[in-house]
Amino acid sequence: MTGSLPFFVLGALLLLGAVRVVASRDLVHAVLWLGVVLVLTALMFLLLGAPFLAGIQLLLYTGGVITLMLFGVMLTRRHHEIGVDIDSSRRLPAALASAGLFVAMASAIVRTKLPAWPPSAPIPAIEIGRAFLTDHVVAFEVLSLLLLAAMIGAIVLGRRHDFGDEPEPLYGKGHRS
Amino acid sequence: MTPIDCALIALFVPLAAAFAIAVLAPLRHAGRPAAWLSVAAALISLGASLVLLAQQWSQPERVVREVVRWLPSGAASLAQVGIHLDGVSVSMSVVVTLVAACVQIFSLGYMADEPPAARGRYFGYHSFFIFSMLLLVIAPNLLQLFAGWELVGLTSYLLIGFYFQKPSAAKASVKAIWVTKFADMGLLLGLICLFAVSGGFEWTATLSEAWATTITLLLFLAVVGKSAQFPLHIWLPNAMEGPTPVSALLHAATMVAAGVYLAVRADPLFAQAPNTQMVMAWLGGFTALFAAVLATVQTDIKRVLAYSTCSQLGYMVCALGAGSAIAGYFHLTTHAFFKALLFLAAGSVIHAVHSNELSSMGGLARRMKLTSAVFIIGALALAGIPGLAGFFSKDLILESVYEADLLVPWAMLILAAFLTAFYMGRVIFLALFGPFSEASEGAIESGFSMAGPLLLLAAGSLGIGYFGAQFALLSGGSYHFHVGMSGMLGTACAVAGLLLSWLIYGARRLTPQAFRFLAPVGRLAESGLVDRFFEFAYRRGALALSDAVGFFDRYVVDGVMNCIGWTTIVSGRRLRGSETGNVRDYVFAVVAGAVVIAFWGLAR
Amino acid sequence: MTVQALLLLTSALFCMGIYGLLARRNAIALLLSAELMINAVTINLVTFSRLAGGVTGQVFAVFTIALTVAEVVVGLAIVILLFRWRREIAVDSANELRH
């Protein structure tokens with residue numbers, strides 16, 4: 001499945017989705033477009049011969065991360081703030097910086113002599129599982145510890161803190177330098 | 001007892017005494033024990049020096065030298081220190097220790113009225129002086145001589161300012177050290193040049209005439225300061241603020257002679273620089289005359305003797321300028337005896353009448369027979385009356401200067417001889433003869449401790465002159481006594497001077513008013529022009545230069561530092577603006593940096 | 001489909017993520033942009049894994065995904081804290097590190 005056409009279509013859609021993620025004024029739209037991008041990425045993985053990874057991507061990312069993001073958006077909404085949050089003063093420098101970076105990377109890529117694609121051979125999931133439990137078992141265990149730590153950290157951070165009766169307003173109380 | 005052992009004893013026993021007096025406060029505060037310790041050390045030192053002289057007497061050519069390396073640098077050493085015993089240094093050691101011992105014994109009586117702690121201090125300084133002077137005398141090279149030079153300068157400062165509670169004494173000691181320090185610059189620069197040119201500090205170096213002239217002129221500057229030649233004579237009259245025995249030892253016999261001693265030692269160098277010798281002869285001659293003129297108008301007996309010392313040192317310098325180191329050195333030795341004698345006798349007189357002024361004295365010959373007798377002996381020796389010590393050495397100087405074709409300096413010396421006799425006669429007739437003053441009526445003769453040294457020095461003044469030949473052998477030359485035209489003329493002038501002084505002050509046949517026409521000379525001499533010139537030079541010259549240097553230091557040197565500091569602060573303030581606290585700005589910086597690096601990497 | 005084209009694609013995605021990181025004020029939007037970047041990198045990983053043969057690259061990619069999830073979790077917790085503190089989630093408000 002390495003014909004050119006699916007790849008180009010997928011690539012174009014990915015680019016479009018990415019643009020919509022960073023350029024959407026509505027936060028919810030941005031999150032949803034990210035979801036689209038992630039799904040497309042999963043398809044890309046399939047094209048590249050990593051079916052297990054595609055499944056993981058769909059499960060964790062599209063299922064987990066997007067949901068979390070949506071919760072986050074909902075929990076932190078202020079009614080009158082549905083709207084502009086793009087900092088117009090920074091658009092041009094940011095665009096220049098990222099464009100510059102792209103130009104730099106692109107010229108590097110174009111100049112490099114890269115090998116050709118080997119024939120497609122999708123890696124079965126069992127191979128990945130075997131690798132996890134033999135070659136990379138230490139990393140695997142550490143990863144579980146890390147996930148545990150992240151969970152505990154999130155719970156600790158998310159506790160109800162006592163900020164007093166009123167949350168501190170940003171302005172009007174004098175600078176706190 | 002090897003010669004080196006004797007030299008070490010002579011050198012270090014006084015130092016040990018001085019150290020003990022300095023460190024052991026109870027000893028010093030007790031007064032009398034400290035004095036005896038110092039006198040004992042001086043006598044031991046004298047004994048050792050006499051042993052050396054006895055050994056050297058029979059072998060005048062002998063040179064004993066023992067040096068150790070000092071300031072090692074690499075395989076060689078920068079300098080050496082040690083002991084150098086030849087005819088000159090041995091004889092000078094004897095002179096120094098003998099006069100020092102006499103002065104210390106005299107001081108036992110003279111300083112008896114001082115508080116014990118002050119007396120302890122006094123004798124400690126005296127012992128230290130013997131050490132310093134001997135260090136200078138037996139130095140094997142000019143560097144150690146310089147060390148001894150500075151130490152005797154320090155001792156002079158301490159002793160002139162002995163009565164430091166008196167403002168005039170404190171100022172006088174500072175003036176002395178200031179003027180001599182200025183002159184010591186010459187010695188230091190001369191030593192540096194000598195080292196640069198010849199790689200060592202020996203006085204036997206061979207130099208080109210240009211270098212020899214430069215170095216010897218610099219060394220001569222030090223001589224001018226230390227031996228109080230014009231125009232750096234200004235400190236010597238003020239140095240009379242110290243106790244009279246100090247004046248006898250330091251500022252008559254030994255310390256001021258150190259300048260002449262330097263010239264004698266470095267004579268091989270001076271011989272290579274005839275131009276410097278010409279300068280020396282003229283300056284010495286002028287100083288001899290100038291100081292003699294000043295001595296005739298003083299009313300303070302010590303000041304008369306101070307200017308007289310100046311004048312006689314001028315004789316020695318002139319002799320060295322004429323190329324005759326033997327004559328200069330011989331006169332140094334004889335002068336040590338009779339000048340110390342004169343000072344001590346004057347001290348005896350001052351002690352009796354409690355005043356320095358000639359007006360307080362008069363008719364003392366009837367009250368203090370011994371003192372007056374030795375004073376007259378000393379004065380006649382100074383005047384150069386035949387038979388006494390001064391005659392032989394002065395005669396030798398006059399002959400040498402004449403033979404070197406230095407006629408103007410010779411004439412100045414002759415005139416100075418006339419004046420010397422005149423002013424000494426004046427002192428004698430005013431102080432020892434004539435009517436009593438209130439103070440002198442009740443004067444009594446001094447005790448034995450003060451009289452003994454007087455007698456000893458008087459004997460020296462009488463007898464030393466006859467040893468001229470042996471002396472010359474010790475100094476490495478020869479001497480053949482003969483009275484030539486210069487000698488006779490000098491003697492005639494001396495007699496004439498004495499006669500004139502008798503006429504004016506003794507028999508009162510003439511009055512000073514007859515010489516009114518010479519009054520402007522006296523006024524000019526007294527006006528302190530040299531002092532005022534130095535003050536002017538200091539205020540306008542040195543202070544102005546200091547201001548300029550200070551300005552440079554504050555605004556340029558410090559200015560650079562301040563600028564750097566200011567730049568740091570201002571740039572820090574400006575750069576702080578980049579810490580906006582806004583995370584996105586930091587991310588932007590990271591990205592921008594990454595872009596730059598990427599492009600730079602691509603471009604290579 | 002060449003490797004070059006794929007790499008160019010992922011570079012473009014990455015750079016767009018950077019643009020989003022720099023230009024957006026909303027904290028969650030920043031997280032989204034970061035997600036985009038990581039995603040692009042993951043695609044790169046898989047590409048090179050295929051080029052090199054073997055399974056290591058994909059294992060690495062799994063790790064990356066797991067780590068990213070952990071990061072999102074903690075990041076959102078922080079965003080919620082920020083919201084509670086300042087009542088809004090514009091990151092401009094978190095500027096206490098200013099001089």
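Letters A, B, ... are given to chains in the order of the sequence lines, protein chains preceding strands, and every chain is numbered from 1.
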Hey, which of V65(A), L68(A), V21(A), L70(A) is the one that makes side-chain contact (heavy atoms from CB on, under 4.5 Å) with V31(A)?
-> L70(A)
Out of L31(C), L36(C), N39(C), which residue meets the side-chain contact (heavy atoms from CB on, under 4.5 Å) rule with L34(A)?
-> L36(C)
Atom group of [X] that falls short of 4.5 Å from chain C, counting heavy atoms:
| X | value |
| --- | --- |
| F52(A) | side chain |
| A139(A) | both |
| L143(A) | side chain |
| M69(A) | both |
| F45(A) | side chain |
| A106(A) | both |

Nearest heavy-atom neighbours spanning [X] and [Y]:
| X | Y | answer |
| --- | --- | --- |
| M105(A) | C15(C) | CE-SG, 3.6 Å |
| R50(C) | L48(A) | CD-O, 3.3 Å |
| V28(A) | D26(A) | N-OD1, 3.0 Å |

For chain C, which candidate among [options] shows the most heavy-atom pairs at distances under 4.5 Å?
| options | value |
| --- | --- |
| I109(A), V110(A), V73(A) | I109(A) |
| A154(A), G153(A), G100(A) | A154(A) |
| A150(A), A94(A), A50(A) | A94(A) |
| I56(A), L14(A), L147(A) | L14(A) |

Chain A interface, residue from [options] that has the most non-hydrogen pairs under 4.5 Å:
| options | result |
| --- | --- |
| V62(C), I78(C), L67(C) | V62(C) |
| L32(C), V72(C), L9(C), V74(C) | L32(C) |
| I18(C), V73(C), L51(C) | L51(C) |

Compute the centroid of each ring, for F132(A) and then for F63(C), and state whether the two points are separated by less than 6.0 Å.
-> yes
For [X], is it the side chain, the backbone, both or neither that has a heavy atom under 4.5 Å from a heavy atom of chain A?
| X | answer |
| --- | --- |
| L21(C) | neither |
| L76(C) | side chain |
| S49(C) | neither |

Working to the nearest 0.5 angstrom, can you tell me the gap between [X] [atom1] and [Y] [atom2]?
| X | Y | atom1 | atom2 | value |
| --- | --- | --- | --- | --- |
| T10(C) | I43(C) | OG1 | CD1 | 7.0 Å |
| M44(A) | L13(A) | CE | CG | 10.0 Å |
| Q57(A) | I65(C) | CD | CD1 | 5.0 Å |

Who are the side chain to side chain contact (heavy atoms under 4.5 Å, CB included) partners of A61(C), not counting sequence neighbours?
-> L53(A), T42(C), L45(C), V46(C)
